[in-house]
Every structure is written in structure tokens, then in C-alpha cells.
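Only one structure is covered here, and it is reproduced in the block below.
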Amino acid sequence: MSEVLRQAPVVPESFQRVVLASRPLSRPSVEHFRVETVETPSIADGQVLVRNRYLSIDPYMLGRMFDARSYATPHPLGEAMIGETVGKIVATRHPRLVVGDTVVGPLGWQELAVSDGGNLDKINDADIGLSTYLGAIGMTGITAWYGMHQICEPRPGETVVVSGAAGAVGSVAVQLARERGCRVIGIAGGRLKCDTVIREFGVAACVDYRGAPDAAALQGAIAHLAPNGVDAFFDNVNGMTLDAVLPLMKPFGRIALCGMIARYGQQPMTLSNHGFLLLSRLRAQGFIVYDHRPLWPQARAELAALVCAGRLKVLETVSEGIASAPAACIGLIEGKNLGKQIVKLY
Ligand SMILES: NC(=O)c1ccc[n+]([C@@H]2O[C@H](COP(=O)([O-])OP(=O)(O)OC[C@H]3O[C@@H](n4cnc5c(N)ncnc54)[C@H](OP(=O)(O)O)[C@@H]3O)[C@@H](O)[C@H]2O)c1
């Protein structure tokens, strides 16, 4: 349904934002964030003021809360949390962006943001819901597209396993593998999520990892569903899940190492089964979607075409108001989201 905003909302004198207040030493919690009210800034020549409408909540934000070695620097204390938004330009001194334009960009956990436009993409497509630009056809969907198509490279008839299958990236990844004619096995937390994955995304089966006490039990449950082995594994989780799948991989299988949500705020875990990387001559490749910007337009176009054709279903969990962002973010660790976690700001 078209959601492109046509009426410019009134610019408020102040707005709310959420900053990182302190760093977690172990498990992140809502106490590490602070909601602040600040004055609306004026804009300089070349700048625009954007009123954010939807905010994307992503697991990488949990990683940025820590002062730890990663592919990106830790998020600074006292600054609005990093995050992608879709919003509308409400004031402009920019040569090309006008009031009323709808834009997507990394404008953070705040109701209003100033930008020079360099980090903003204008949205013209009126056929797709605005929040989808943060999920299935945004960074999230492109992550699934890259890992599945460039690393897993599934062929028709192959068996593909996807962990985090009920989440934002996983729900797109399973559908992309299904579109390639593969037999897809999801892994997700809880019967409700597993049933949703099977019903909504057309996968063959889904394993409830929360029902498995350890990696051996999880391995047994997946082996039962894939008696001839696994050709490709798209891993959003790491830890016990990766350890469980490694021995099940067929020779020359492919593994896309996409995420480590099981490891955020927890002690590092040693994989017992890493020897299968060699024994089964596996190709396991980690990737960061931002390293592959040149492929984004192609990925976005393909994903948008699938959404418009009804071949890629979009599931979202939406919380209301900027102050709900910390709980939504911590909810990712607790598995509270089904599909993409979004915060609706107005
Ligand atoms: N490489 C890249 O460029 C890139 C880009 C985007 C995202 N990622 C990664 O991809 C993964 C998925 O991201 P997303 O945005 O789609 O998040 P998401 O899957 O929508 O949300 C996180 C989900 O992870 C699951 N989870 C939490 N703790 C877990 C645990 N200990 N073991 C197993 N599952 C657990 C929960 O689902 P259950 O209820 O099923 O447990 C939760 O709903 C994350 O690891 C993220 O960091 C990587």
C-alpha cells in the first residue's frame, strides 16, 4: 500500500532522542540507554531537517554498545544511537531535496535529524510500505540476498539450513533459497516461530533450538530432517547452532557466516566441531553487507520485484514511539521479534 507522505508535518520546537548512557560489561539492558528531550536545531546552507517516521532496530546495535574489537568503532556515549530511518524532509536549505521528500538514511534513534543529504536516498516507489525500506528491501534484505546468492549459492534440489529463520534477515534468506528451488530447513526459537516460518515462508521444516538442551541434541534434530546432509548453511547465530550444523555439512558445502547474535554479551565459546571445516572441505565465509555497496541497487531491485510479485513475504514487529526503542533492541536478544523489528515514531 502506498505510504509516501505528501503533507509536511509541523516542525516541533523540541524532540526526543535515545542516547547510549553507559556500556554494558556483560548482557546489555534498557538501563544502558537514556531518553532525552532536546531543542530542534536550525539548519545551515546545504542541509535538511528530517522528521523520522520509522526506525530500524538491528542486532549490530548491541555490538556497538560494547568497547570491544569489531569491524566498526564502539558507539560514543551520550550520542543518539546509530540506526537507519525512513522520514520526511520538513525543512530544507538544500539545492535538490525539498520539503515533502521521503528519504531513507542513517539518522539514528531520534525523532528529528539534520543531514547534508549525502547519506540520504530518496524514496520514489509508492508501491511498497515505507518500513520495508528498512527491512526486506533495505540493509536487512540485502544482507540475506548477499549471503544467500553470493556465498551459499544454492542450486535447485539442494538442502539449505538457515538459523534465525524467523528474524529479519533469516525470514528473507529462507524465502530466497525456496525461490531457488531448494529444500529449506529453518532454525528458530519456539514452536510458534517455527510454525510461522513453515506456514508463511514455505520452508520444508523448522527446528526449535530452544527445545534442544545442547549442540548434540540440536544436531540430532537437524540430521533427522536432512538425512543426506546439508549443502549450504546461512548462519545468523553462531555458538551452539554453528557447532551443531558443521558435522552435517556435505563435502564442499558452503556456509555464510552472517551474524553472532548468540554471542553478544556472552563469554566467547569454543567450537568443538571446527575440524569439519577441513574434513568436509567446507567454504565458510564471513561478510559485512556494507562492504558490498556496489551490489545494493541490484539486490534492492530483485528484492523489490519479489515483494511486489507476492513472492517475498514481509513480517514485522512494530513498537510505538522513540522511547520504546531500548526495549525493542534488548528484545532482539530475548527473541521477542518476529520478522523485522521496527519502531514507528509517528
Ligand atoms: N553480516 C552482516 O552484514 C549483517 C547484517 C545484518 C544483520 N546481521 C546479523 O544477522 C543476524 C540476524 O539479524 P536480524 O536483523 O535478522 O535480527 P533478528 O533475527 O530479526 O533478531 C534477532 C533474533 O535472534 C534470535 N536469537 C537471539 N538470541 C539467540 C541465541 N542465543 N541463539 C539463537 N538465536 C538467538 C532471536 O530469535 P529466536 O526467537 O529464534 O531465538 C531474535 O529474534 C544477527 O546476528 C545480525 O548481527 C549481519
Side-chain angles (χ1 to χ4, degrees), residues 12-44 46-87 89-91 103-121 134 138-140 143 168 259-261 263-268 286-291 293 319 321-334 337 340-343 345:
E13 286 177 4
S14 64
F15 67 95
Q16 286 197 313
R17 67 181 186 180
V18 178
V19 301
L20 182 63
S22 59
R23 295 202 190 283
L25 295 174
S26 56
R27 192 179 166 91
S29 82
V30 293
E31 311 299 328
H32 297 109
F33 300 100
R34 186 174 62 241
V35 183
E36 294 180 340
T37 301
V38 289
E39 259 182 45
T40 301
S42 48
I43 49 173
Q47 292 184 325
V48 291
L49 185 67
V50 179
R51 187 170 183 198
N52 290 324
R53 182 166 170 86
Y54 294 104
L55 165 66
S56 175
I57 299 291
D58 299 277
Y60 74 82
M61 296 162 174
L62 296 161
R64 298 282 176 90
M65 295 170 74
F66 292 88
D67 191 0
R69 185 174 163 227
S70 182
Y71 64 91
T73 51
H75 189 76
L77 292 176
E79 287 193 14
M81 276 296 289
I82 184 175
E84 290 273 316
T85 63
V86 173
I89 293 178
V90 291
V103 288
V104 59
L107 296 185
W109 294 21
Q110 46 191 351
E111 292 171 323
L112 287 172
V114 174
S115 167
D116 65 6
N119 55 1
L120 300 179
D121 285 329
L134 302 175
M139 180 277 283
T140 297
T143 300
M260 306 198 291
I261 186 112
R263 308 271 287 255
Y264 287 131
Q266 309 201 8
Q267 293 302 315
F287 71 100
I288 296 296
V289 71
Y290 293 107
D291 292 335
R293 283 276 189 191
S319 70
I322 190 71
S324 73
C329 187
I330 300 305
L332 295 177
I333 314 174
E334 297 160 354
N337 63 306
K340 175 75 193 175
Q341 179 66 56
I342 296 282
V343 176
L345 303 184

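Worth saying up front: this structure is predicted, and the values here are computed from it rather than measured. As a basis for the values below, the full set of heavy atoms in this structure was taken, side chains included, without hydrogen atoms, waters or symmetry mates.
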Q. What pairs with Phe33 under ring pair (Phe, Tyr, Trp, His ring centres under 6.0 Å), at least two apart in sequence or on another chain?
A. Trp109

Q. What residues, two or more places apart in sequence or in another chain, satisfy salt bridge (charged side-chain N to carboxylate O under 4.0 Å, His left out) together with Glu36?
A. Arg17, Arg34

**Q.** side chain to side chain donor-acceptor pair (under 3.5 Å) contacts in which one or both residues fall within residues 76-87, not counting sequence neighbours
**A.** Asn52-Thr85

Q. CD of Gln341 to SG of Cys329: how many Å apart, nearest 0.5 Å?
A. 9.0 Å

Q) Of the non-hydrogen atoms in Ala325 and Leu55, which two are nearest, and what is the gap between them? A) CB-CD2, 4.0 Å

Q) How far apart are the C-alpha atoms of Val48 and Val114, what are their side-chain angles, what is the distance that settles it, and do they pass the side-chain contact (heavy atoms from CB on, under 4.5 Å) test? A) CA-CA 6 Å; Val48 291; Val114 174; over 6 Å; no

(Q) Quick check: closest heavy atoms across Pro28 and Ile333, and the distance to 0.1 Å? (A) CD-CD1, 3.9 Å

Q: Mind listing the closest non-hydrogen atom pair of Leu332 and Ile261 along with its distance?
A: O-CD1, 4.2 Å

Q | Sequence-distant partners of Ser319, side chain to side chain donor-acceptor pair (under 3.5 Å), two or more places apart | A | Ser324

Q. Is Thr140 reaching over with its side chain to a backbone N or O of Ala168, donor-acceptor style, under 3.5 angstrom?
A. no

Q. What's the spacing between Ile342 CD1 and Ile57 CD1 if we round to 0.5 Å?
A. 8.5 Å

Q. By side chain to side chain donor-acceptor pair (under 3.5 Å), which residues pair with Arg23, not counting sequence neighbours?
A. none

Q: Hey, could you give me the CD/CD distance between Glu39 and Glu13, rounded to the nearest 0.5 Å?
A: 8.5 Å

Q) So how far is it from Ser115 OG to Leu107 CG, rounded to the nearest 0.5 Å? A) 5.5 Å

Q) So do Phe15 and Val38 actually touch side chain to side chain, heavy atoms under 4.5 Å? A) yes

(Q) Just verifying a value: how many Å separate Glu111 CD and Ser14 OG, rounded to the nearest 0.5 Å? (A) 8.5 Å

(Q) Donor-acceptor check, side chain of His75 to backbone of Ala80, threshold 3.5 angstrom: yes or no? (A) yes

Q. Any idea which heavy atoms bring Ile330 and Val30 closest together, and the distance?
A. CG1-N, 3.7 Å

Q. Do Val103 and Val86 touch side chain to side chain, with heavy atoms closer than 4.5 Å?
A. no

(Q) Quick test of your reading: applying side chain to side chain donor-acceptor pair (under 3.5 Å), list the pairs with at least one residue in residues 59-68, sequence neighbours left out, ordered by first then second residue. (A) none

**Q.** From CG (Leu20) to NE2 (His32), nearest 0.5 Å
**A.** 8.5 Å

Q: Test Arg51 against every option in Ile89, Leu112, Thr40 by the side-chain contact (heavy atoms from CB on, under 4.5 Å) rule and name the one that passes.
A: Leu112

Q.
Before you tell me yes or no, could you show the steps for Lys340 and Asp58 under side-chain contact (heavy atoms from CB on, under 4.5 Å), namely the whole-Å CA-CA distance, both residues' side-chain angles and the distance that decides it to 0.1 Å?
A. CA-CA 9 Å; Lys340 175 75 193 175; Asp58 299 277; 2.7 Å; yes

